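Contents: one structure, followed by commentary.
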Amino acid sequence: MNDLNLPEPIAAYFQADRQDPDAVARCFTAQAVVKDEHRTHTGLAAIRAWKAAASAAYTYTTEPQALEFTDGVHTVTGHVVGNFPGNPVDLRYHFRLERGRIASLEITA
């Protein structure tokens, strides 16, 4: 992961994703938006609930593989391995950063 030189908020997100919903929520701005699996989660409480539900349903790890930056969006390709349908999978994490935190995250296949 360190080889990619991820921006600090993004590196913090992938580290927090191995921890708990509160750690993940701390990576985001107060009005942040997460889009994942055709659902939108807005605000810290919703993001915390999204992470809690994902953690309750699945055990997984994500290893960032590539980083691109285009039009203000950092896109990380991550190799995800776990106990979910379609395992393993490469997902794309599209981050917009704002003042040292994540303002939006969209996860796509």
Side-chain angles (χ1 to χ4, degrees):
M1 180 157 70
N2 295 333
D3 297 283
L4 294 180
N5 197 24
L6 296 174
E8 175 54 35
I10 295 172
Y13 168 81
F14 284 110
Q15 188 65 29
D17 194 42
R18 297 172 186 256
Q19 297 172 25
D20 60 55
D22 289 327
V24 169
R26 284 193 295 272
C27 297
F28 290 85
T29 64
Q31 300 303 315
V33 175
V34 172
K35 295 181 181 179
D36 183 33
E37 296 181 327
H38 309 291
R39 292 198 174 133
T40 301
H41 313 276
T42 304
L44 297 179
I47 291 169
R48 190 176 297 108
W50 160 73
K51 172 57 180 163
S55 294
Y58 307 112
T59 301
Y60 63 91
T61 58
T62 305
E63 188 61 40
Q65 303 287 315
L67 172 65
E68 300 169 36
F69 182 72
T70 306
D71 297 329
V73 177
H74 296 271
T75 299
V76 176
T77 301
H79 186 68
V80 186
V81 177
N83 66 342
F84 53 86
N87 170 63
V89 66
D90 287 335
L91 297 177
R92 294 172 62 82
Y93 297 77
H94 308 275
F95 294 92
R96 282 194 184 275
L97 304 180
E98 185 178 287
R99 294 187 298 275
R101 297 201 184 265
I102 300 165
S104 69
L105 167 60
E106 183 173 2
I107 303 172
T108 61

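This structure is a prediction, so every number in the text was calculated from the model and none was measured. Starting from 1, each residue takes its place in the sequence as its number.
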Could you pull out the closest heavy-atom pair between [X] and [Y], with the gap in Å?
X	Y	result
Ala109	Leu91	CA-CD2, 3.8 Å
Pro9	Leu97	CB-CD2, 3.9 Å
Thr62	Val80	OG1-CG2, 3.7 Å
Leu67	His74	CD1-CB, 4.2 Å
Pro64	Val76	CB-CG1, 3.7 Å

Give, for atom [atom1] of [X] and atom [atom2] of [Y], the distance between the pair rounded to the nearest 0.5 Å.
X	Y	atom1	atom2	answer
Arg96	Thr75	CZ	OG1	9.5 Å
Leu44	Arg26	CG	CZ	11.0 Å
Ser55	Gln19	OG	CD	11.0 Å
Ile47	Leu105	CD1	CG	8.0 Å

| Charged N to carboxylate O under 4.0 angstrom, Glu63 versus Arg18? |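 The answer is yes: the pair qualifies as a salt bridge.
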Original post:
Are Val73 and Phe69 close enough that some pair of their side-chain heavy atoms sits under 4.5 Å apart?
Top reply: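 Sidechains of Phe69 and Val73: no contact.
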Among the clusters formed by ILVMFWY side chains lying less than 4.5 Å apart, do [X] and [Y] turn up in the same one?
X	Y	answer
Val33	Ile102	no
Trp50	Tyr58	yes
Phe84	Tyr93	yes

Which residues pass the side chain to side chain donor-acceptor pair (under 3.5 Å) test with Thr108, sequence neighbours left out?
->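 Side chain to side chain donor-acceptor pair (under 3.5 Å) check on Thr108 returns His94.
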Under the side chain to side chain donor-acceptor pair (under 3.5 Å) rule, collect the residues that match up with Asp90, sequence neighbours excluded.
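Checked Asp90 against side chain to side chain donor-acceptor pair (under 3.5 Å); matches are His79.
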field: Residue list, salt bridge (charged side-chain N to carboxylate O under 4.0 Å, His left out) with Glu68, at least two apart or on another chain
entry: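 Salt bridge (charged side-chain N to carboxylate O under 4.0 Å, His left out) check on Glu68 returns Arg92.
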Exercise. Which pairs with one or both residues in residues 100-109 pass salt bridge (Lys or Arg N to Asp or Glu O under 4.0 Å), sequence neighbours excluded?
Worked result: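 Sorted result for residues 100-109: empty, none.
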- Message: Considering only residues two or more places apart or on different chains, which pairs with a residue in residues 29-57 satisfy salt bridge (Lys or Arg N to Asp or Glu O under 4.0 Å)?
- Response: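 The answer is Asp17-Lys51, Asp22-Arg48.
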Inset, instruction - Evaluate the ring planes of Tyr13 and Phe28, with Trp represented by its six-membered ring, and classify them as parallel (under 30°), tilted (30 to 60°) or perpendicular (over 60°). - result: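 The arrangement is perpendicular - the two ring planes meet at more than 60°.
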Task: Within 6.0 Å of CD in Gln65, more than 12 heavy atoms from elsewhere - done: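 Enclosed: over 12 neighbouring heavy atoms sit under 6.0 Å from CD of Gln65.
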Check: Can you name the side chain to side chain contact (heavy atoms under 4.5 Å, CB included) partners of Ala54, sequence neighbours left out?
Finding: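 Ala54 satisfies side chain to side chain contact (heavy atoms under 4.5 Å, CB included) with no residue once adjacent residues are dropped.
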